[in-house]
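Written out below as structure tokens is the structure these notes cover.
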2 protein chains.
Amino acid sequence: MTEQKKHNIWVVEDDHTFKSSLEDLIEMEDQFELVYSVNSIEKAFEGFATKRAPDVILEDIELPGMSGIEAISYYKKQYPRAAIIMLTIFDDDDRVFEAIKAGADGYLLKRSSGEEIIKAIKDVLNGGAPISPAIAKKMMRMLTGASSDKKESPLTKREQTILKLLVDGYTIDMISGELHISPFTVDTHTKNIYRKLHVHNRSSVVAKAIRDGLV
Amino acid sequence: MTEQKKHNIWVVEDDHTFKSSLEDLIEMEDQFELVYSVNSIEKAFEGFATKRAPDVILEDIELPGMSGIEAISYYKKQYPRAAIIMLTIFDDDDRVFEAIKAGADGYLLKRSSGEEIIKAIKDVLNGGAPISPAIAKKMMRMLTGASSDKKESPLTKREQTILKLLVDGYTIDMISGELHISPFTVDTHTKNIYRKLHVHNRSSVVAKAIRDGLV
DNA sequence: TTAAAAATACCGGGAACCCGGTATGGTCAA
DNA sequence: TTGACCATACCGGGTTCCCGGTATTTTTAA
């Protein structure tokens, strides 16, 4: 078979900039064809009726509305043979585990280079599972038991310090005074903590921190 | 016995002004000896190894770091025969009640006169317990109210329901929708929960609920 | 020696919280 | 039948949070 059919690709990503990069990247490859590119899961589902079936779906894991992980089962139901690659900014154990359990075939960090992303798509089409080295390492640890000997936190030192204080009920201003830094800085750290832990308010960050042993 | 040994006093108080007054007051009494005076619980614990055992410990109920109430059990373990008197600015029944349950022998309002303070110390050395009528009433109810012991939650059913939702990161409005009651009602319940658990914000209520197994 | 990550700092606006009140109907035990 | 407790509901005002930005310096890693 010297001549082979192009592989159909779907993209579901709400960040406009990254979405454009992906589109360009895919269109530059002869063997790929971008048949559908949308910015929400709801729109992706609309494609079930109108678009050519995908061989590969690239989907942001952190979409507004329905969680990207939740959507996986719907894709699988509609296109059992499609490979699903999740895209994410941060690599954390919870998400990886959930996504893989839900049926994702691969997992990519958004900061990967274009070459790495293309390679990942080709890998998954050949039955491989594109997992970033960092993620692979974490998965190994998960599978080889001992699961939580060290529980690597995705948070930086400073963020961990601030998280402890948040859990102890400190306000931004109190933390500012305690650490001798501007309240604006504390706010910034707090926002980053929220993003990394996938929460959107104090209560949830405290609950997650305690339950996951982050404090 | 006309001649008797002096009573050893420890002071744990972080307000410098009040701490000085206390020190002066105690040193003026012949039968008292101030053997250790510090401004934090951590420092107080250091005295376990180096200072003469106290007959009376005067401790601020509202210290930063470990709660003064929490510290009581440590003092009792170290010095079972020492009398512990809690110092408080406000006549906070709940706090004082908690302190007494934890093993405190009495409490004093900081605005008390020097004479009253000295009298309270002497009272407690003679087995008396300076308690306000309001506190006495609560204690009576608790004793006659049976059970209470164990880890019975002080929260009502409705409060427990709401607490669970708070821990899960729900806002007042979300809870209102979930339970089909007015947000004002949810607010009222929340305030009551705060009061009962002695916390003053979401973070603390979540942390306490999880750590105390209330959810 | 560079590029990336981390830590720092600032702003504005809308949302949510926190508190101290007041008030009313229902239930249940003394 | 009379307190008490509970669940419900409402208000105003000050505080704090949450988010989406932008931007500089310091530290770390390739």
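Predicted model, so just to flag it, every value in this text is computed and none were measured. Because only heavy atoms are used, hydrogens play no part in the values below, and waters and symmetry mates are left out as well, while side chains stay in. Lettering follows sequence order; numbering is per chain, from 1.
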B/Ile193 atom CD1 is separated from D/dT8 atom P, nearest whole Å, by 12 Å
Exercise. Checking B/Ser176 side chain against B/Ile181 main chain: does a donor-acceptor pair fall under 3.5 Å?
Worked result: yes
By side-chain contact (heavy atoms from CB on, under 4.5 Å), A/Ser21 pairs with (sequence neighbours left out) none
Can you check nucleotides 6-9 of chain C for protein contacts, nitrogen or oxygen pairs under 3.5 Å, and list what you find?
residue: C/dA7; atom: OP1; partner: A/Arg158; partner atom: N; Å: 3.3
residue: C/dA7; atom: OP2; partner: A/Thr156; partner atom: OG1; Å: 2.3
residue: C/dT8; atom: OP1; partner: A/Arg158; partner atom: NE; Å: 3.2
residue: C/dT8; atom: OP1; partner: A/Arg158; partner atom: NH2; Å: 2.9
residue: C/dT8; atom: OP2; partner: A/Arg158; partner atom: NE; Å: 2.9
residue: C/dT8; atom: OP2; partner: A/His189; partner atom: NE2; Å: 2.9
residue: C/dA9; atom: OP2; partner: A/Ser182; partner atom: N; Å: 2.5
residue: C/dA9; atom: OP2; partner: A/Thr185; partner atom: OG1; Å: 3.0
residue: C/dA9; atom: O5'; partner: A/Thr185; partner atom: OG1; Å: 3.3
residue: C/dA9; atom: N6; partner: A/Thr188; partner atom: OG1; Å: 3.3

- Message: Between A/Tyr170 and A/Leu166, is there a side-chain heavy-atom distance shorter than 4.5 Å?
- Response: no
Reading nucleotides 13-20 of chain C from 5' to 3' and marking B where a protein heavy atom lies under 4.0 Å of the base, S where only the sugar-phosphate is that close, and - otherwise, the string is ---SSSBB
| query | Taking side chain as C-beta onward, heavy atoms only, is A/Phe48 less than 4.5 Å from A/Tyr75? | reply | yes
Nucleotide N/O of nucleotides 24-30 of chain D paired with protein N/O under 3.5 Å:
none

Rounded to whole Å, the CE-C1' distance (A/Met174 to D/dC17) equals 15 Å
In short, A/Asn39 meets A/Asp14 closest at the heavy-atom pair O-CB, 3.3 Å
Taking five pairs at each terminus, the helix from C/dT1-D/dA30 to C/dA30-D/dT1 shows an axis bend, to 10°, of 70°
| said: I'd like to know if B/Lys164 pairs up with B/Asp168 as an ion pair, taking the criterion as any Lys NZ or Arg NE/NH1/NH2 lying under 4.0 Å from an Asp or Glu carboxylate oxygen. | reply: no
Determine yes or no for a side-chain-to-main-chain donor-acceptor pair under 3.5 angstrom, with A/Glu59 supplying the side chain and A/Met86 the backbone. no
Discussion item. Within the 4.5 Å heavy-atom criterion, are A/Val205 and A/Val167 side-chain neighbours or not?
Written reply: no
| For B/Thr156, does its backbone N or O pair with a side-chain atom of B/Glu159 as donor and acceptor, under 3.5 Å? | yes
Taken in chain and number order and not counting sequence neighbours, the residues that satisfy side-chain contact (heavy atoms from CB on, under 4.5 Å) with A/Thr171 are A/Asp173, A/Met174
When rounded to whole Å, the CD1 to P distance for the pair A/Ile175 and D/dT16 reads 12 Å
**Asked** Within the distance-only criterion (no hydrogens, no angle test), does the side chain of B/Thr190 pair as donor or acceptor with the backbone N or O of B/Val186 below 3.5 angstrom?
**Response** yes
Value for CZ (B/Phe45) from CD (B/Gln78), rounded to nearest 0.5 Å, stands at 9.0 Å
Q. Does the side chain of A/Lys51 come within less than 4.5 Å of A/Glu46's, by heavy atoms?
A. no
